[in-house]
Structure formats: structure tokens, C-alpha cells
*Asks:* 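Shown below is the structure under consideration.
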Amino acid sequence: MKRARAIYLAIIVISLSIISVSLYYVLGGFDPIKIYFFDGTTRTVIGREYVLPDDNKYFQHQMDSIKSDMSDGNLRGMLTAVVYQDEELQDSIRYFIGASQDSIRGVARVPAGFDYRQFRTRKIYKIFITQSHWISPTPQKMEELMLIRSIEEGEILKPYTFEIYYEDGSFSIEKWVKN
């Protein structure tokens with residue numbers, strides 16, 4: 001009787017292990033995190049500035065609001081969140097959330113209630129994330145990887161991060177080099 005129980009327990013453990021590894025693979029867990037380098041550019045972001053508590057639900061609510069504006073045709077471009085590293089804010093984070101364009105020339109007008117900001121750099125560190133959000137590394141972990149790489153290369157990064165969200169559910173994190 002004890003032998004049969006041990007066999008059943010072993011079968012269950014092995015089955016759960018196979019299922020876990022398979023699920024992790026399907027969600028993209030074995031995809032490597034690679035830092036890419038791009039030449040500098042000018043990017044215009046049309047959106048709104050927010051100072052939000054360090055809680056994902058407030059951030060997600062504002063992202064959903066901007067997505068709604070994009071689907072209504074008020075904004076065009078890629079859904080973008082600019083996350084500022086502001087030492088003065090204790091339990092809050094400053095964001096500029098909107099739609100990014102390659103340049104202001106692509107923008108016919110800035111819709112009412114929105115602002116625009118232009119950003120320039122000579123070099124971009126970028127990580128593309130195709131993994132499911134359940135298993136992908138946190139944006140803070142990816143920023144840390146880019147910071148380490150920039151220190152190795154003697155570069156100084158700007159005090160903000162771009163998070164660009166694509167329609168297929170993937171996103172990218174960018175850190176820009178100071179000119």
C-alpha cells in the first residue's frame with residue numbers, strides 16, 4: 001500500500017514538473033533578455049503628466065485612459081509611458097503617459113487637455129520583452145541591467161525611462177544616454 005502511494009505521489013510530482021516547465025516555456029520564460037543599442041533620435045510624446053502612488057492599479061488606470069483616447073482617434077502613435085526618477089517623491093512616481101511619435105512633424109495638432117514633450121539623445125539602450133507579463137522581469141530589473149551596461153561603457157543615462165507598449169502585448173524599455 002505504501003509503495004503504491006509513493007508511486008502515485010512520484011507520478012503527480014513528475015507530471016506537475018513537466019506541466020510547469022512547459023507552461024514557463026510557452027509564456028516565453030526561456031527567452032533571453034538582451035540589450036540592444038540604437039542610434040539617437042528625437043521622440044515626441046503627446047500625453048499627460050501624472051504623479052501617482054507607487055501602486056500599479058493607478059498607473060494601469062491612466063494607461064487605460066490613454067488607450068481609450070487612442071482608440072477614439074484623439075491620439076496617434078505608440079502607447080508610451082515616460083517614467084521619471086524623481087528623488088524628491090517619497091511614495092509616488094512621476095509619469096508622462098501618452099502616444100509617441102518620431103517627431104512633432106507627424107502631429108497635426110495637440111488635442112485639448114494634452115501636452116507634448118520632445119526628447120533627444122545620441123544613443124539608446126533598449127530591451128524588448130516578448131514574455132508574458134506573469135513571468136517577465138520587472139522594469140526596475142531591466143533598468144538595472146541597462147545601468148550596469150552603461151557604467152561598463154562609461155555612459156551617463158538620462159533620469160527617465162521609456163516604456164513603449166505594442167499592440168501584440170509585448171513592450172520595450174529604453175534608457176537614453178545624456179548628450
Side-chain angles (χ1 to χ4, degrees), residues 24-25 27-56 58-60 62-63 66-67 70 75-107 110 114-179:
Y24 189 72
Y25 173 77
L27 294 175
F30 294 111
D31 295 345
I33 296 175
K34 186 173 178 184
I35 299 174
Y36 295 91
F37 303 99
F38 293 92
D39 291 334
T41 189
T42 298
R43 178 174 296 149
T44 301
V45 180
I46 298 174
R48 295 183 183 107
E49 183 172 328
Y50 303 96
V51 176
L52 301 172
D54 190 8
D55 185 347
N56 193 37
Y58 296 105
F59 173 74
Q60 192 59 47
Q62 299 307 328
M63 291 291 283
I66 295 296
K67 283 181 192 175
M70 291 176 76
L75 292 175
R76 285 182 285 169
M78 298 300 301
L79 180 62
T80 303
V82 183
V83 184
Y84 293 91
Q85 283 78 42
D86 194 338
E87 305 278 325
E88 295 175 10
L89 298 174
Q90 296 297 330
D91 296 329
S92 299
I93 300 174
R94 186 165 61 110
Y95 296 97
F96 190 76
I97 302 172
S100 62
Q101 310 272 328
D102 287 338
S103 70
I104 193 65
R105 285 176 261 135
V107 179
V110 177
F114 292 92
D115 192 12
Y116 79 91
R117 296 191 182 165
Q118 278 194 305
F119 302 90
R120 289 183 181 86
T121 189
R122 63 179 170 77
K123 184 177 181 181
I124 299 170
Y125 291 86
K126 188 170 190 167
I127 296 176
F128 292 98
I129 299 298
T130 57
Q131 302 162 330
S132 170
H133 67 279
W134 290 338
I135 61 167
S136 67
T138 64
Q140 293 80 10
K141 177 66 177 167
M142 291 182 275
E143 288 178 38
E144 183 181 307
L145 292 172
M146 288 186 277
L147 179 62
I148 291 168
R149 179 58 79 69
S150 71
I151 290 171
E152 290 172 352
E153 294 182 1
E155 301 281 6
I156 298 172
L157 300 176
K158 293 188 178 189
Y160 51 80
T161 303
F162 285 96
E163 296 178 7
I164 301 173
Y165 297 86
Y166 304 100
E167 292 178 13
D168 65 357
S170 63
F171 70 99
S172 64
I173 304 285
E174 295 179 355
K175 292 293 284 181
W176 288 23
V177 172
K178 283 189 178 181
N179 292 338

*Asks:* Does a side-chain heavy-atom distance below 4.5 Å link Met63 with Tyr165?
*Replies:*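 SC-SC contact between Met63 and Tyr165 confirmed.
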*Asks:* Taking only residues two or more places apart in sequence, or in another chain, which ones meet Glu167 in a side chain to side chain contact (heavy atoms under 4.5 Å, CB included)?
*Replies:*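 Testing Glu167 for side chain to side chain contact (heavy atoms under 4.5 Å, CB included), a comparison that skips the adjacent residues, returns none.
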*Asks:* Of all residues at least two apart in sequence or in a different chain, which pass the salt bridge (charged side-chain N to carboxylate O under 4.0 Å, His left out) check with Glu152?
*Replies:*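 If we apply the salt bridge (charged side-chain N to carboxylate O under 4.0 Å, His left out) test to Glu152, skipping adjacent residues, the hits are Arg149.
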*Asks:* What pairs with Phe119 under ring pair (Phe, Tyr, Trp, His ring centres under 6.0 Å), at least two apart in sequence or on another chain?
*Replies:*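 With neighbours one apart ignored, the set is Tyr160, Phe162.
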*Asks:* Only counting residues at least two apart or in another chain, list the ones meeting salt bridge (charged side-chain N to carboxylate O under 4.0 Å, His left out) with Glu144.
*Replies:* Lys141
*Asks:* Output all residues satisfying side chain to side chain donor-acceptor pair (under 3.5 Å) with Asp39, sequence neighbours left out; order by chain, then residue number.
*Replies:*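 Partners of Asp39 under the side chain to side chain donor-acceptor pair (under 3.5 Å) test: none.
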*Asks:* Begin with the C-alpha distance, continue with both residues' side-chain angles, and end with the deciding distance and a verdict on side chain to side chain contact (heavy atoms under 4.5 Å, CB included) for Phe59 and Tyr50.
*Replies:* CA-CA 9 Å; Phe59 173 74; Tyr50 303 96; over 6 Å; no
*Asks:* Please report the shortest heavy-atom distance between Ser170 and Ile129, naming the atom on each side.
*Replies:* CB-O, 3.1 Å
*Asks:* Tell me every residue that passes side chain to side chain donor-acceptor pair (under 3.5 Å) with Tyr95, counting only those two or more places apart in sequence or in another chain.
*Replies:* none
*Asks:* State which residues pass salt bridge (charged side-chain N to carboxylate O under 4.0 Å, His left out) with Lys123; sequence neighbours excluded, sorted by chain then number.
*Replies:*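 Lys123: salt bridge (charged side-chain N to carboxylate O under 4.0 Å, His left out) contacts with Glu153, Glu155.
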*Asks:* Looking at Lys175 and Met142, would you say the former's side chain and the latter's main chain have a donor-acceptor pair under 3.5 Å?
*Replies:* no
*Asks:* Please test Ile124 against Val177 for side chain to side chain contact (heavy atoms under 4.5 Å, CB included), starting from the C-alpha separation and ending with a verdict.
*Replies:* CA-CA 6 Å; Ile124 299 170; Val177 172; over 6 Å; no
*Asks:* Glu163: what forms a salt bridge (charged side-chain N to carboxylate O under 4.0 Å, His left out) with it, not counting sequence neighbours?
*Replies:*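 Partners of Glu163 under the salt bridge (charged side-chain N to carboxylate O under 4.0 Å, His left out) test: none.
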*Asks:* How about Thr161 and Gln85: do any of their side-chain heavy atoms sit closer than 4.5 Å?
*Replies:*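 In short, these two side chains touch, coming nearer than 4.5 Å.
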*Asks:* Applying ring pair (Phe, Tyr, Trp, His ring centres under 6.0 Å), can you list everything that pairs with Tyr24, at least two apart in sequence or on another chain?
*Replies:* Phe30
*Asks:* When you compare the side chain of Leu79 with that of Met70, does any pair of heavy atoms fall below 4.5 Å?
*Replies:*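 With C-beta onward as the side chain, the pair touches.
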*Asks:* Could you work out, with side chain to side chain donor-acceptor pair (under 3.5 Å) as the rule, every residue matching Arg48, not counting sequence neighbours?
*Replies:* Asp69
*Asks:* Return yes if some donor-acceptor pair links the side-chain N/O of Thr80 with the main-chain N/O of Met78 below 3.5 Å, else return no.
*Replies:* yes
*Asks:* Within a strict 4.5 Å, meaning less than it, do heavy atoms of the Thr41 and Trp176 side chains meet?
*Replies:*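 In short, these two side chains touch, coming nearer than 4.5 Å.
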*Asks:* Checking Phe38 now: which residues fulfil ring pair (Phe, Tyr, Trp, His ring centres under 6.0 Å) with it, not counting sequence neighbours?
*Replies:* none
*Asks:* Under the rule for ring pair (Phe, Tyr, Trp, His ring centres under 6.0 Å), what residues qualify as partners of Phe37, not counting sequence neighbours?
*Replies:*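 With sequence neighbours excluded, Phe37 shows a ring pair (Phe, Tyr, Trp, His ring centres under 6.0 Å) to Tyr125, given in chain and number order.
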*Asks:* Where do Asp115 and Glu49 land on the side chain to side chain contact (heavy atoms under 4.5 Å, CB included) test, with the steps shown first?
*Replies:* CA-CA 8 Å; Asp115 192 12; Glu49 183 172 328; over 6 Å; no
